[in-house]
Amino acid sequence: MGYLNGLIRADKATLYKIECELPSMSRPLYECILTGVSPVNSGIVNNEVVRLSHFESVFSLAHQAGKTTAAAAYYWVSELYNRAPFIATRDRFTHDEQLPIQHGCFYQADSYPDDHLFIDAEYLRTQFSPDFLLIHPMNIDDTGHKFGFDSSQYRNAARKADIILSNYIPIWMEQGYQIIVTSDHGMNNDHSHGGILPEECTVPLLTIGSQFSHYSPCNIKQTDICGTVCTLLGVNPIDKPVCHPLLVGGR
């Protein structure tokens with residue numbers, strides 16, 4: 001991902017290495033990232049657990065604090081925090097001030113093009129000025145399931161995402177956004193994930209913005225992301241763990 005690494009070399013971004021929680025599966029780790037609760041404690045322990053979260057999330061805490069929330073994301077995010085099960089004709093496009101995710105563009109196909117997804121996200125950002133916006137593309141994961149970790153197709157899917165990000169991050173930086181780029185999990189050569197292999201569990205976390213300390217090393221856990229984002233938003237993270245060294249003034 002040459003653009004993101006270019007930001008790192010120019011001291012405009014900082015890269016951290018983190019280990020995902022277990023199991024290294026999508027829906028459990030969406031819940032982990034957005035609530036700060038590990039899968040074995042949240043009960044969302046595999047991708048087939050279809051229900052609303054039992055815990056406060058970045059979305060619900062921000063909403064309770066009077067903030068505006070939005071997501072351009074896979075439909076499992078809607079099922080976790082808005083309504084379950086997902087009904088496409090009702091939930092595909094969501095605009096409801098009473099829901100934790102007030103504005104949403106949710107997709108169902110794993111092959112939904114990343115460039116379309118980022119257009120969805122930019123529509124939400126420019127039309128509703130959300131305080132917190134989740135952007136969740138799927139093509140890297142989808143390609144890994146088709147071709148495996150050590151494949152040109154998987155690497156090129158990451159390169160394509162990097163190119164898409166290069167079209168938007170400069171705009172977000174200019175407008176003063178605090179940006180986190182990370183992943184739920186990785187991929188293995190069996191075209192899957194869910195276990196404890198390093199290539200399944202080691203993921204990046206990149207920070208961009210003036211409110212980050214850009215201090216390295218920084219021992220951040222995946223369970224710290226929710227509380228850290230709440231702190232950035234000026235929202236009380238209640239009992240969520242926060243990685244204070246990641247933030248300005250937090251060492």
Side-chain angles (χ1 to χ4, degrees), residues 26-35 44 47 50-53 57-143 145 157-158 160-173 175-185 206 208 225-226 229-230 232-233 235:
S26 297
R27 195 190 296 250
L29 295 181
Y30 301 165
E31 170 77 341
C32 175
I33 289 169
L34 291 161
T35 67
I44 307 293
N47 289 338
V50 180
R51 63 163 170 80
L52 288 172
S53 171
S57 67
V58 178
F59 294 114
S60 64
L61 292 171
H63 180 251
Q64 291 165 24
K67 305 289 186 179
T68 301
T69 62
Y74 197 55
Y75 73 101
W76 291 355
V77 174
S78 176
E79 287 185 325
L80 282 167
Y81 306 111
N82 273 2
R83 290 181 285 233
F86 181 85
I87 299 173
T89 53
R90 178 191 64 188
D91 301 323
R92 167 93 168 91
F93 301 108
T94 294
H95 299 290
D96 187 335
E97 298 292 336
Q98 303 307 310
L99 291 173
I101 308 175
Q102 295 158 312
H103 305 286
C105 294
F106 299 104
Y107 62 96
Q108 292 173 276
D110 292 16
S111 59
Y112 186 71
D114 283 356
D115 55 358
H116 289 42
L117 185 276
F118 274 87
I119 291 171
D120 294 342
E122 194 66 356
Y123 158 75
L124 293 172
R125 188 187 70 83
T126 56
Q127 294 299 308
F128 302 103
S129 298
D131 298 286
F132 175 64
L133 170 61
L134 172 70
I135 305 174
H136 173 227
M138 185 67 87
N139 289 174
I140 298 174
D141 183 69
D142 183 49
T143 302
H145 283 298
K160 183 175 180 181
D162 182 65
I163 291 169
I164 296 170
L165 283 167
S166 74
N167 291 322
Y168 293 101
I169 286 180
I171 299 170
W172 303 338
M173 291 173 65
Q175 297 191 16
Y177 285 91
Q178 309 305 305
I179 304 160
I180 294 176
V181 181
T182 191
S183 179
D184 47 355
H185 55 70
L206 191 84
I208 303 168
I225 295 174
C226 171
V229 170
C230 286
L232 279 169
L233 289 168
V235 171

Whether His136 and Tyr30 hold their rings parallel, tilted or perpendicular, with breakpoints at 30° and 60°: perpendicular
Spatial distance of atom CG (Leu61) from atom OG1 (Thr35) [nearest 0.5 Å]: 10.0 Å
Any side-chain heavy-atom pair of Ile135 and Glu122 under 4.5 Å: no
Worked check of side chain to side chain contact (heavy atoms under 4.5 Å, CB included) between Thr182 and Leu206: CA-CA 6 Å; Thr182 191; Leu206 191 84; over 6 Å; no
Stepwise ring-ring contact (aromatic ring centres under 6.0 Å, His included) check, Tyr74 with Tyr107: CA-CA 5 Å; Tyr74 197 55; Tyr107 62 96; 5.5 Å; yes
Student check: side-chain heavy atoms of Ile101 and Ser78 closer than 4.5 Å: no
Shortest non-hydrogen contact between Ala161 and Asp114, atoms and distance: CB-OD2, 4.4 Å
Pairwise side-chain contact, His63 with Asp131, heavy-atom cut-off 4.5 Å (strictly under): no
Distance (rounded to the nearest 0.5 Å) between Leu133 CG and Thr68 OG1: 11.5 Å
Side-chain heavy atoms of Ile180 within contact of Val229, under 4.5 Å: yes
Rounded distance (nearest 0.5 Å) linking atom OG1 of Thr69 with atom CG of Leu233: 10.0 Å
Phe59 and Tyr81 aromatic ring geometry - parallel, tilted or perpendicular at 30°/60° bounds: tilted
Leu80: which of Ile44, Leu34, Leu52 passes side chain to side chain contact (heavy atoms under 4.5 Å, CB included): Ile44
Pro137 and Asn139, any side-chain heavy atoms less than 4.5 Å apart: no
Separation of Ile164 CD1 from Asp115 CG (nearest 0.5 Å): 5.0 Å
Minimum side-chain heavy-atom gap Pro130-His103 below 4.5 Å: no
Beyond-backbone contact of Ile171 with Arg125, side-chain heavy atoms, under 4.5 angstrom: yes
Worked verdict on Tyr123 versus Phe128 for side chain to side chain contact (heavy atoms under 4.5 Å, CB included): CA-CA 8 Å; Tyr123 158 75; Phe128 302 103; 3.9 Å; yes
Distance, nearest 0.5 Å, that separates CD1 of Ile179 from CD1 of Ile208: 4.5 Å
Set of residues satisfying salt bridge (charged side-chain N to carboxylate O under 4.0 Å, His left out) with respect to Arg83, sequence neighbours excluded: Asp91
Check against side chain to side chain contact (heavy atoms under 4.5 Å, CB included), Arg27 and Val50: CA-CA 9 Å; Arg27 195 190 296 250; Val50 180; 3.7 Å; yes
Heavy-atom closest contact (Val58 atom, Cys226 atom, distance): CG2-SG, 3.6 Å
Note, Tyr75 side chain near Gln108 side chain (heavy atom, < 4.5 Å): yes
Exercise: identify the closest heavy-atom pair between Asp120 and Cys105: CB-CB, 3.9 Å
Nearest heavy atoms of Ala72 and Leu124, plus distance in Å: N-CD1, 3.9 Å
Mutual orientation of the aromatic rings belonging to Trp172 and Phe118 [parallel < 30°, tilted 30-60°, perpendicular > 60°]: parallel
Geometric class of the Tyr112/His116 ring pair [parallel <30°, tilted 30-60°, perpendicular >60°]: perpendicular
Pairwise distance NE2(His95) to CD(Gln127) - rounded to 0.5 angstrom: 9.0 Å
Closest non-hydrogen atom pair, Ser166 against Pro170: O-CD, 3.2 Å
